[in-house]
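Each chain gets a letter, A, B and so on, in the order the sequences are listed, and its residues count up from 1.
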There are 2 protein chains.
Amino acid sequence: MRRMTARPANAHQARLLRLLRDGGPNSRAQLGDQVDLSRSKLAVEVDRLLETELVVADGLAASRGGRRSHNIRLNPHLRFLGVDIGATSVDVAVTNAELEVLGHINQPMDVREGPVVVFEHVLSMAAKLRASGLAEGFDGAGIGVPGPVRFPEGIPVAPPIMPGWDGFPVREALSQDLGCPVMVDNDVNLMAMGEQHAGVARTVHDFLVVKIGTGIGCGIVVGGEVYRGTTGSAGDIGHIQAVPDGRPCACGNRGCLEAHFSGAALARDAMEAAEQRLSTELANRLESNGTLSAVDVAAAAAAGDATALDLIREGGNRTGQVIAGLVSFFNPGLVVIGGGVTGLGHTLLAAIRTQVYRQSLPLATGNLPIVLGELGPTAGVIGAARLISDHLFSPA
Amino acid sequence: MRRMTARPANAHQARLLRLLRDGGPNSRAQLGDQVDLSRSKLAVEVDRLLETELVVADGLAASRGGRRSHNIRLNPHLRFLGVDIGATSVDVAVTNAELEVLGHINQPMDVREGPVVVFEHVLSMAAKLRASGLAEGFDGAGIGVPGPVRFPEGIPVAPPIMPGWDGFPVREALSQDLGCPVMVDNDVNLMAMGEQHAGVARTVHDFLVVKIGTGIGCGIVVGGEVYRGTTGSAGDIGHIQAVPDGRPCACGNRGCLEAHFSGAALARDAMEAAEQRLSTELANRLESNGTLSAVDVAAAAAAGDATALDLIREGGNRTGQVIAGLVSFFNPGLVVIGGGVTGLGHTLLAAIRTQVYRQSLPLATGNLPIVLGELGPTAGVIGAARLISDHLFSPA
DNA sequence: CTTACTTTTTCCACTCACAGGACAAAGGAG
DNA sequence: CTCCTTTGTCCTGTGAGTGGAAAAAGTAAG
């Protein structure tokens, strides 16, 4: 199928497209209530959007007491691809223009195999989604990678956990392969955009998203916009010192938060506890699986295992301590906890909350919700779709 | 004298006013090079500004190879008042519209005496400046206070070191007394704006300013704009935990940065060292003055006193540790160190740099200058003038 | 079914901001 | 004095946008 190539011609059209994306199908009259344009001007812009086929007519709206209005919606054939590359797995999803997930595949994979191998898999996953009839092609794609990105060019820079990716032109390469516009960002930033679009952060303008997965990262949203820092490495909180003279970390320092609590650290601690027979629950799991991961700790904790609960509490305390510092500094309106370890659930959350509320001043914590992410594994792919749609639905 | 009451009528005029503020007198032709407007449009807007008397003609410019252009400048009679209220002293300055300091008074004072007493002094200082012929009246005033501020209303909220100020309508009261528009902000934010306007941060868009005075605070600039946080308390880094189970702090916690290093903590440490006879230099100063302050420590350090140097180094290490965390999180393009203790100079700076460069990752520190502020005690008042001029030179 | 009232949509005349060309004014270089 | 460059002014054309009038398409009550 021929893909859409049109872009909004001006700020008004971009505004309308975003309203339709975020609010779904809408009548012309309702749109008029939201944009502060004269009826005539609005009609002209809507007609032009209809000509470009970015939006289509969608029957008549219910009456609001008089003549019924005509409904408008984004072209239902538009498709975005959301790709979330994690350290140990990849998520690929298809969305429509309203960013609803139509299909979603997850596949284990080691990011250290390098961009060529990973993108082969990503492309075949995308092809599978297309083959299942969910899309005939993609109008844009958003890609999340687990490391800092030079955002304008879409190129990873000095990513610690994916050394082979340094300088690889992700944006350009995938744009070529997929035949559509592509934007690339840090996975944590995309998670933040996802929660902002469809999750817990819908109404907040300044907030933090702390993602605890294989590593630990933080998405920063200022005034509704993701803040990426001077070199694209903002939010890299995994290497903040949490324990003076603590454990050695891969980065060369000691006591980094990530060395003391993260999916990887938790798995290692659990193995150690199992081998030392501190927990029969964990020891049994180790025996039957041959190895342990954060998921096992979560399961053990759910079963009431004291050692597992202690590990989680301890990690939550460390994390909470770091977050308390960030809260004092940044004074956010919301803190979202997400990532693979969300399975650890409320034990973790309670430990974090305790630390933050104790250590930060009342003015900053007084009205500060600290909550788990609402979208789970789809936050990243929704954020990815949001990224590319923001790009496409902006004036050319 | 009749004060200016005019405001720019549109965004173009605001743009022109800011160009004239930041670039000084300019020819019409030069302005045209900077604003991307047709010559006719530019002429119209400049003529309107001349009518309002916000700008005035200023002779002929040098020829650029053809007909000489007419010079334009901001009305030289415009005067802004910059007020920087610290914990133990107040700075008041008069500037012209280009934000050049024409007169500057500093006076010791205890902020805990409350807003009424403090503002009596401020008003009399302003009157003194006016009486000396520097101003016939003020077209606007910026006020900095040492605590969080609800910015839109200009009201301090829950300020720890100035309890009597909570909820006092600073903006409204001073606007009444001075008879001109007033804006209020945290003193650290104003320091950041000052360094941005006329100091070391002129070309940087994302940076931090750490002010070490009686307490410790941090100004955050994102995309060229001061970030104030959800409740106006962003940058309150004095109560980040720097030492686990460290010294008790006035806030009720233990180990806060401010409890271990700040003007107040430094003075206390110095007294202790003097009483224990660890340093004859400090002991002598204590004997002759009856008390010690950060200034004495600076002097002792300059004289080579080992104890004083140790105190500074230790404090710098603690501060550097906290800043390292902020650098990882925020990835700024510049870190400015300022405030009363700037006198401690390069010993302090070196200690901070060492910690930051050691603890943060290379991607964040690779091209990160950490420098002392350039403006010293005038940073605050220049920032205050900048605050009110930004407000006045924006479309009504 | 008719009538009165609403809401939505289209049409049209009018205003306004702005661009850009023509031309005059003012200066420099030879 | 002549030719060229830059600056400032004037004027007209264009396109964006507004707001009123009227037509179109409903609802609600008699």
Side-chain angles (χ1 to χ4, degrees), chain A residues 6-20 23-52 54-73 393-396, chain B residues 6-20 23-74 393-396:
Chain A
R7 290 280 291 278
N10 58 44
H12 297 309
Q13 294 187 13
R15 180 85 205 284
L16 291 171
L17 291 174
R18 290 178 188 215
L19 281 173
L20 291 170
N26 242 306
S27 72
R28 292 166 102 105
Q30 280 176 309
L31 285 177
D33 295 343
Q34 299 173 69
V35 292
D36 193 44
L37 281 177
S38 66
R39 288 182 312 267
S40 13
K41 179 63 181 165
L42 176 66
V44 170
E45 297 297 356
V46 169
D47 286 345
R48 287 188 192 152
L49 284 175
L50 284 167
E51 269 173 39
T52 66
L54 278 168
V55 307
V56 298
D58 189 39
L60 288 171
S63 168
R64 293 199 293 184
R67 172 175 175 175
R68 295 169 66 190
S69 183
H70 291 265
N71 265 342
I72 296 294
R73 63 175 300 180
F393 293 170
S394 66
Chain B
R7 289 280 292 276
N10 57 44
H12 298 308
Q13 294 187 12
R15 180 84 205 285
L16 292 171
L17 291 174
R18 290 179 189 216
L19 281 173
L20 291 170
N26 242 303
S27 72
R28 292 165 101 108
Q30 279 176 310
L31 286 176
D33 295 342
Q34 299 173 70
V35 293
D36 192 44
L37 281 177
S38 65
R39 278 185 313 214
S40 22
K41 179 64 178 163
L42 176 66
V44 170
E45 297 298 354
V46 169
D47 286 345
R48 287 189 192 152
L49 284 175
L50 284 167
E51 270 175 39
T52 65
E53 292 186 31
L54 278 168
V55 307
V56 298
D58 190 36
L60 287 170
S63 168
R64 294 199 293 183
R67 173 175 175 175
R68 294 168 66 192
S69 185
H70 292 264
N71 265 342
I72 296 294
R73 62 176 301 182
L74 289 170
F393 293 168
S394 66

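Distance CD (Q30(B)) to C1' (dT6(D)): 13 Å, rounded to an integer number of Å. Look at CD on E45(A): it is 14 Å from P on dG15(D), rounded to the nearest Å. In this structure, the CG atom of D36(A) is 12 Å from the P atom of dG17(D), given to the nearest Å. Atoms CZ (R28(B)) and C1' (dG27(C)) sit 18 Å apart, rounded to a whole Å. As rounded to whole Å, 16 Å separates atom P of dA17(C) from atom CG of L42(B). The nearest whole Å value for the distance from the CG atom in L37(B) to the C1' atom in dG8(D) is 16 Å. In this structure, L60(B) atom CG and dT7(D) atom C1' are separated by 11 Å, rounded to whole Å.
With sequence neighbours excluded, the residues satisfying side chain to side chain contact (heavy atoms under 4.5 Å, CB included) with L17(B) are P8(B), L49(B), L54(B), V55(B), L74(B), F393(B). Taking the side chain to side chain contact (heavy atoms under 4.5 Å, CB included) definition, one finds that D47(B) meets it with R28(B), L50(B), sequence neighbours left out. Residues meeting the side chain to side chain donor-acceptor pair (under 3.5 Å) test with S40(B), sequence neighbours left out: S38(B).
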All N/O contacts under 3.5 Å from nucleotides 2-7 of chain C to the protein, with atom names and distances to one decimal?
unit_1	atom_1	unit_2	atom_2	d
dT7(C)	O2	R67(A)	N	3.2

Could you pull out the protein-nucleic contacts involving nucleotides 20-22 of chain D (nitrogen or oxygen on both sides, under 3.5 Å)?
unit_1	atom_1	unit_2	atom_2	d
dA21(D)	N6	R39(A)	NH2	3.3

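The shortest side-chain heavy-atom distance between V35(A) and L42(A) falls under the 4.5 Å cut-off.
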Could you pull out every donor-acceptor pair under 3.5 Å between side chains of residues 56-67 of chain A and any protein atom, sequence neighbours left out?
unit_1	atom_1	unit_2	atom_2	d
S63(A)	OG	G65(A)	N	2.9
S63(A)	OG	G66(A)	N	3.2
S63(A)	OG	G66(A)	O	2.8
R64(A)	NH1	D33(A)	OD2	3.2
R64(A)	NH2	D33(A)	OD2	3.4

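For dT6(D), the OP1/OP2 oxygens have no side-chain nitrogen or oxygen of S69(B) closer than 4.0 Å. Remark: H12(A) is in phosphate contact with dG17(D), judged by side-chain N or O atoms under 4.0 Å from OP1 or OP2. When the side-chain nitrogen and oxygen atoms of H70(A) are compared with OP1 and OP2 of dA25(D), none of them lie within a distance under 4.0 Å.
The listed nucleotides are dG8(D), dG20(C), dG28(C); the one nearest the side chain of S63(B) is dG28(C). Out of dG17(D), dC18(C), dT9(D), the shortest distance to the side chain of K41(A) is found at dG17(D).
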